[in-house]
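Each remark here refers to the structure printed beneath this line.
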Amino acid sequence: MSDRQPGFATLAVHAGAQPDPTTGARATPIYQTTSFVFDDVDHAASLFGLQAFGNIYTRIGNPTCAVVEERVAALEGGTAALAVASGHAAQVLALHALMTPGDELIASNKLYGGSINQFNHSFKSFGWNVKWADATDPSSFERAVTDKTKAIFIESLANPGGIVTDIAAIAAVARKAGVPLIVDNTLATPYLCQPIQHGADIVVHSLTKFMGGHGNSIGGIIVDGGSFDWRASDKYPMLSAPRPEYQGMILAETFGNFAFAIAVRVLGLRDLGPALSPFNAFMILTGMETLPLRMEKHCANAKRVAEWLKARPDVSWVSYAGLPDDPSHALAQKYLPRGAGAVFTFGLKGGYEAGIKLVSNVKLFSHLANVGDTRSLIIHPASTTHRQLTDAQKTAAGAGPDTVRLSIGIEDIEDLLADLDQALSA
Ligand SMILES: *Cc1c(COP(=O)(O)O)cnc(C)c1O
């Protein structure tokens, strides 16, 4: 054994996992149980009082889910993490620890469509007010700051247009405002980008996408960067004020640089309840073991498809940060040096009708609403996810009538190009 720090691929396979101490099982077992027996009354009391770490009830923690948490924290370079039932649950719980009614959140205007809905509608009913800033202009975030701002939320690589956000510049705005920067790192994964290294305080993921990677399980996670000083102001009472149900404990004082991860578990997950199932945790863990291999192939295939589309006479534009003349290319070289991901959009000269024809004629690509599967996926947003919007609204959302979104899988590139070729020529 040596003291060397393990590399990313080693952590993807091993972080958080050991052979099972009672059976010797080498793969992490699925601890399919709701609850865990206490050693004795004192043990139970110390678990409930947060004086000892241990398992009580699967809504609050589970040993299979704990391996996911340790592994993703290691891959992101965070101090601790909390796995939850979905990416959307991760977003709600992360913000629940920070926001009270009347507070403001500044969010990038280039987010996953589901997040835009969640922020505009459900968050509004919590009294959380969202101010939208321009993803490509860090000064627009600065202009949106008020004394009610509690957090800034961006995506590292934005879904669906493949826009790369200047994380360090927006982290500087957050630091100056005294609020944490939350980065949704779903499309990049920590293999391509580690936002905490660039100044993010909290990272969230939909594990449903590339992290699990096989299109079989919904999950999400919140990673604590350990960098934010929750006691620097009185803005974050959940972390900095005494908690009545925990004998007046101040979480930021007791748990230091992983207090946020504790708060989202013992207050957020405990009370709101979106726990990850141990079975999904097992599926996601198995998927994560091959994350580096898959991301290499996803990125190499995506670049080839983007180049191939760009050279076609029936394609009017391709928005992929991996192409040298793309507006996001310089930021991609800084933040995503190993590849620009595998989700991007392009435009068809034939407009709406050509988009419908393409998604109807593909055979290997699957026409569905997901990304980050081993399989290649295609969707025509104007006729599906963005159908209810006007043409002007569609175009503003990056989903104009001619726009097609691809999530490139890990199949043989020749087969992917042949399928697109036959569908475009049909
Ligand atoms: C899918 C997705 C989400 C939501 O995750 P779910 O697991 O579907 O709840 C959030 N952000 C991004 C970037 C996504 O792609």
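For ligands, and for the atoms within them, numbers begin at 1 and follow the listed sequence.
The salt bridge (charged side-chain N to carboxylate O under 4.0 Å, His left out) test applied to K297 returns no partner, not counting sequence neighbours. Here E411 pairs with nothing under the salt bridge (charged side-chain N to carboxylate O under 4.0 Å, His left out) rule; sequence neighbours left out.
Pairs engaging residues 209-233 under the side-chain hydrogen bond (donor to acceptor under 3.5 Å, both in side chains) rule: D201-S227 [sequence neighbours left out].
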Any protein N/O atoms within less than 3.5 Å of an N/O atom in ligand 1? List the atom names and distances, or say none.
unit_1	atom_1	unit_2	atom_2	d
ligand 1	5 (O)	S206	OG	3.0
ligand 1	7 (O)	G87	N	2.9
ligand 1	7 (O)	S206	OG	2.8
ligand 1	7 (O)	T208	OG1	2.7
ligand 1	9 (O)	G87	N	3.1
ligand 1	9 (O)	H88	N	2.9
ligand 1	11 (N)	D184	OD2	2.7
ligand 1	15 (O)	N159	ND2	3.3
ligand 1	15 (O)	K209	NZ	2.7

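If you check the side chains of N55 and Y31, you find no donor sitting under 3.5 Å from an acceptor. If you check the side chains of Y112 and N117, you find no donor sitting under 3.5 Å from an acceptor.
The residues E307 and R312 are annotated as not salt-bridged, no charged nitrogen and carboxylate oxygen being separated by less than 4.0 angstrom.
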